[in-house]
Amino acid sequence: AQRVTQPEKLLSVFKGAPVELKCNYSYSGSPELFWYVQYSRQRLQLLLRHISRESIKGFTADLNKGETSFHLKKPFAQEEDSAMYYCALSGWGGSNYKLTFGKGTLLTVNP
Amino acid sequence: NAGVTQTPKFQVLKTGQSMTLQCAQDMNHEYMSWYRQDPGMGLRLIHYSVGAGITDQGEVPNGYNVSRSTTEDFPLRLLSAAPSQTSVYFCASSPGTGGGGYTFGSGTRLTVV
């Protein structure tokens, strides 16, 4: 069974502070990992995926297979980063290619 | 290129009524999914499809039906609405593994009274 755990429901930081949103996963095989962001009552938007190794809006995430983690990091948080963040994973191909989400972390960046 | 389009945006149903949530995508994506989003529960997969004519159950399929007669459309049917189905429903589509992840629709906010 595939499972995604986001241990923090809420995370509050001040503007300019570093931020790290934690994500751990369980999957028998090599999953594809994603971070999605949802701004207030809007649709989910893809923020990052591990195979692209991009940096979007200053966010990065590294897949650590040993610790089965995919933590999201940003060195200097901005107020516009306040949103709900979801970590998700899928298998590779066919019926394995379906997203399983964590329960999300609500990030608040205070001025 | 409209992406993933969901209709309606809002709906109120009475217990026992049936309805269909529409989802259409114009990106020629093979994979489509339906999720429900509830406070504190994240997004849970209801049904998914890996191509036209192929559907399968997700984590919470009870009370919902789907069909995929075309690549573009993936409607979700509520057979007999219950208050427990009050939720926000999201449809998503993807070209598949390594193709850039899933693209989500704007959601349907459903209330069952």
Side-chain angles (χ1 to χ4, degrees), chain A residues 1-10 21-25 27 29-54 56 61 63 70 83-106, chain B residues 2-7 9-10 23 25 27 29-51 53-61 66 68 74 87-110:
Chain A
Q2 54 195 64
R3 187 171 66 246
V4 177
T5 303
Q6 293 180 250
E8 303 136 330
K9 287 186 179 180
L10 304 170
L21 291 86
K22 292 183 167 53
C23 171
N24 290 91
Y25 67 90
Y27 186 76
S30 294
E32 188 171 3
L33 274 296
F34 305 87
W35 276 100
Y36 281 84
V37 60
Q38 186 180 31
Y39 301 101
S40 182
R41 294 199 169 190
Q42 295 184 21
R43 73 180 70 197
L44 278 80
Q45 302 173 35
L46 179 63
L47 184 62
L48 284 176
R49 53 193 181 115
H50 86 274
I51 61 174
S52 67
R53 302 188 66 80
E54 293 174 300
I56 306 294
L63 178 61
F70 189 56
M84 180 70 84
Y85 291 81
Y86 291 99
C87 183
L89 73 77
S90 74
W92 293 87
S95 61
N96 294 318
Y97 195 70
K98 53 185 183 286
L99 279 179
T100 296
F101 285 87
K103 294 186 177 181
T105 297
L106 180 63
Chain B
V4 179
T5 303
Q6 289 184 240
T7 56
K9 292 190 184 303
F10 302 94
C23 176
Q25 53 93 6
M27 297 172 284
H29 286 173
E30 288 297 315
Y31 294 83
M32 296 187 75
S33 300
W34 275 102
Y35 293 86
R36 59 178 291 173
Q37 183 181 39
D38 302 290
M41 300 297 291
L43 284 93
R44 292 179 292 171
L45 181 65
I46 304 172
H47 286 285
Y48 66 100
S49 170
V50 300
I54 306 169
T55 63
D56 205 348
Q57 296 181 351
E59 181 184 355
V60 288
V66 292
R68 184 98 180 270
F74 191 43
S87 188
V88 180
Y89 292 85
F90 286 99
C91 179
S93 73
S94 171
T97 300
Y102 277 81
T103 300
F104 281 78
S106 58
T108 295
R109 188 170 294 273
L110 176 68

Select one option (side chain, backbone, both, neither) describing which atoms of [X] are under 4.5 Å from chain A's heavy atoms.
X        : answer
Leu45(B) : side chain
Gln6(B)  : neither
Ser33(B) : neither
Arg44(B) : neither
Val4(B)  : backbone

Inset, instruction - Apply salt bridge (Lys or Arg N to Asp or Glu O under 4.0 Å) to Lys103(A) and list each qualifying residue two or more places apart in sequence or on a separate chain. - result: none
Legend entry - Within-4.5 Å side-chain heavy-atom neighbours: Leu21(A) and Trp35(A): yes
Inset, instruction - Could you list the residues that satisfy side-chain contact (heavy atoms from CB on, under 4.5 Å) with Ser40(A), not counting sequence neighbours? - result: none
Inset, instruction - Against chain B, label Gln38(A) side chain, backbone, both or neither, depending on which of its atoms sit under 4.5 Å from a heavy atom there. - result: side chain
Inset, instruction - Compute the ring centroids of Phe34(A) and Tyr102(B), then answer whether they are less than 6.0 Å apart. - result: no
Inset, instruction - Decide whether Asn24(A) and Thr5(A) meet the rule of one side-chain donor and one side-chain acceptor closer than 3.5 Å. - result: no
